[in-house]
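One-based numbering, in listed order, for ligands and for the atoms of each. No experiment lies behind these values; they were computed from the predicted model shown.
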Amino acid sequence: MSDYLARLFSLQGQTALVAGGAGAIGRDISMALAKAGARVIVHDLSPDRLDDVKAMFDAEGLEFTGIEADLGTAAACAELAAKAGEVTGRIDILVNLQGANRRKPIADVTAEDFDLITSVNLRSVYFLSQAVQPIMKRQGGGRIVHFSSLSANVSFDTISVYAATKAAVTSLTRSQAHEWADDNILVNSIEPGFVQTEFTRPLWDDDYRAEWFANFIPQGRLARPEDLVTTVLYLAAPATRYLTGQNITPDGGVMTGASWVETPRRAAIER
Ligand SMILES: NC(=O)c1ccc[n+]([C@@H]2O[C@H](COP(=O)([O-])OP(=O)(O)OC[C@H]3O[C@@H](n4cnc5c(N)ncnc54)[C@H](O)[C@@H]3O)[C@@H](O)[C@H]2O)c1
Ligand SMILES: O=C(O)[C@H](O)[C@@H](O)[C@H](O)[C@H](O)CO
């Protein structure tokens, strides 16, 4: 890489906290931030997943810190920010990947489903950002990247609560970007389309939906976690120091509206 590009995209000397960073998408994001030079602190709900990601870091000779926490309460979010802040004394980048879903028709959603999905997808994003903001402000700035979803824009059956939380996260991106611009904290979000992970297995493992994806996603396939890595690196990089309150939608072209007007493309989805 030329020196010019290295200066624009290197994360050397920076510390990143990746919440949900041992998940299917999160582990690729965590590794990519580390390879770009950041000291990465990986949070996850699951100790087993953290062990897997530690092994991935070890194999590459990258320094690893894992923190296990259920982010279901604001207090837990504050505790995670405090612990992460102690590792190097800074948090330059926060990526919020924590997410939960329970696929059900609206009529079957219980108050407990609603509380679980909103507490992970919205409340933890809200309060983890709130707890990290004073650390970023004190050090002169930072970057926050939220994982929203294509479903913030387009309705899909059986994910009403999930979709509402993701629309809220996209909205929160603009509020935080506005309020925290003075602190040089830049906040942006990513709305991935369908990513082929366990999280979406009920979709791509179903004949009808797999055919629909193959035919109507203009790029003819679901995203793979590694397809999302560069969007995060871009939003975290020195190169994008004048970009805030924005949203990027890596969705293979779904938001072009092609699915509503195109003839089937007849690609194949590998399952
Ligand atoms: N997979 C997709 O198609 C897709 C599409 C759009 C957006 N997203 C979003 O991307 C993010 C990552 O998704 P993924 O496919 O890697 O899913 P995943 O289930 O592999 O990862 C989600 C992570 O969230 C964390 N989490 C869940 N409940 C938690 C809790 N109570 N407290 C703390 N952490 C908790 C888990 O640690 C888990 O590793 C999510 O926010 C998801 O909504 C995924
Ligand atoms: O469980 C699900 O149905 C998925 O998580 C969906 O949310 C899609 O992946 C998303 O809507 C596309 O962005």
Side-chain angles (χ1 to χ4, degrees), residues 17-32 41-53 66-81 83-84 94-103 112-113 115-129 131 145-154 156 159 161-170 172-173 189-205 209-210 213 217 221-229 231-232 247-252 254-255 269:
L17 169 59
V18 187
I25 299 173
R27 57 187 58 195
D28 278 32
I29 305 295
S30 298
M31 282 293 288
I41 301 155
V42 182
H43 152 270
D44 209 84
L45 178 63
S46 153
D48 292 346
R49 285 180 162 207
L50 284 172
D51 287 346
D52 290 348
V53 177
I67 304 179
E68 180 193 335
D70 185 331
L71 298 179
T73 63
C77 294
E79 195 180 325
L80 172 61
K83 277 188 190 163
L94 167 65
V95 187
N96 278 309
L97 280 136
Q98 67 276 31
N101 199 7
R102 288 180 181 173
R103 304 185 59 87
E112 198 259 329
D113 294 330
D115 289 347
L116 184 278
I117 299 168
T118 53
S119 74
V120 180
N121 295 5
L122 178 58
R123 190 168 50 193
S124 79
V125 171
Y126 194 100
F127 286 105
L128 185 57
S129 311
V145 180
H146 299 309
F147 266 71
S148 178
S149 155
L150 175 64
S151 61
N153 305 295
V154 182
F156 302 102
I159 59 164
V161 184
Y162 176 90
T165 62
K166 293 300 185 177
V169 166
T170 301
L172 178 63
T173 301
S189 54
I190 303 177
E191 290 174 347
F194 305 95
V195 190
Q196 199 159 2
T197 68
E198 280 308 308
F199 202 77
T200 50
R201 181 179 283 282
L203 302 178
W204 50 263
D205 220 7
R209 289 178 196 266
F213 290 140
I217 296 173
R221 65 169 176 87
L222 286 79
R224 293 183 280 270
E226 63 265 29
D227 293 324
L228 306 175
V229 157
T231 313
V232 177
N247 176 67
I248 299 181
T249 306
D251 66 353
V254 174
M255 283 298 283
I269 299 284

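Residues N121 and V169 are not in side-chain contact: their nearest non-hydrogen atoms beyond the backbone lie 4.5 Å or more apart. The shortest distance between side-chain heavy atoms of R123 and T118 does not fall below 4.5 Å. With a 4.5 Å cut-off on side-chain heavy atoms, K166 and I159 do not count as touching. Taking the side chain as every heavy atom from C-beta outward, D113 and V161 never approach each other to under 4.5 Å. Contact annotation: the side chain of D28 never approaches that of R224 to less than 4.5 Å [non-hydrogen atoms, C-beta and beyond]. Within the 4.5 Å cutoff, the side chain of F199 has no heavy atoms near those of the I25 side chain.
Geometrically, ligand 1 and A100 share no nitrogen or oxygen pair separated by less than 3.5 Å. Of the polar atoms of L150, none of the N or O atoms is found under 3.5 Å from an N or O of ligand 1, judged by distance alone. Geometrically, ligand 1 and D70 share a nitrogen or oxygen pair separated by less than 3.5 Å. Polar contact check, A24 against ligand 1: a nitrogen or oxygen pair lies under 3.5 Å apart. Geometrically, ligand 1 and S46 share no nitrogen or oxygen pair separated by less than 3.5 Å.
The T197 neighbourhood of ligand 1 comprises atoms 1 (N), 15 (O), with distances under 4.0 Å to a heavy atom of that residue. Counting atoms of ligand 1 from 1 in the listed order, those under 4.0 Å from a heavy atom of S149 are 6 (C), 7 (C). Using a 4.0 Å cut-off to heavy atoms of L71, the atoms of ligand 1 that qualify are 30 (C), 32 (N), 33 (C). Counting atoms of ligand 1 from 1 in the listed order, those under 4.0 Å from a heavy atom of V195 are 1 (N), 2 (C), 3 (O), 4 (C), 5 (C). Of all atoms in ligand 1, listed by their number and element, those nearer than 4.0 Å to a heavy atom of T200 are 1 (N), 2 (C), 3 (O). Annotation for ligand 1: atoms under 4.0 Å from non-hydrogen atoms of A69 are 32 (N), 33 (C).
What you find for L71 and C77 is that their closest heavy atoms are O-SG, 3.8 Å. Between L150 and D251 the shortest heavy-atom distance is CD1-OD2, 3.7 Å. Contact detail for P192 and I190: the closest heavy-atom pair is CD-O, 3.3 Å. In terms of heavy-atom proximity, R102 sits nearest to I117 at N-CD1, 3.7 Å.
At least one heavy atom of S148 sits closer than 4.0 Å to an atom of ligand 1. Heavy-atom distances between G193 and ligand 1 reach below 4.0 Å in at least one pair. Residue contacts with ligand 1 include K166, since one or more of its heavy atoms lies under 4.0 Å from the ligand. Heavy atoms of H43 come nearer than 4.0 angstrom to ligand 1 in at least one pair.
Considering each of I25, I29, L45, the one bringing a non-hydrogen atom nearest atom 28 (N) of ligand 1 is L45. Heavy-atom proximity to atom 27 (C) of ligand 1, evaluated over A223, G23, G99, is greatest for G99. Ranked by closest heavy atom to atom 17 (O) of ligand 1, the top entry among F199, W204, F194 is F199. If you check each of T165, V120, L97 against atom 40 (C) of ligand 1, the one with the closest non-hydrogen atom is L97.
The part of R49 lying near ligand 1 is the side chain, judged by heavy-atom distances below 4.0 Å.
With sequence neighbours excluded, the residues forming a side-chain hydrogen bond (donor to acceptor under 3.5 Å, both in side chains) with N247 are S189, E191, T249, listed by chain and number. Applying the side-chain hydrogen bond (donor to acceptor under 3.5 Å, both in side chains) rule to R209 yields the partners D157; only residues at least two apart in sequence or on another chain are considered.
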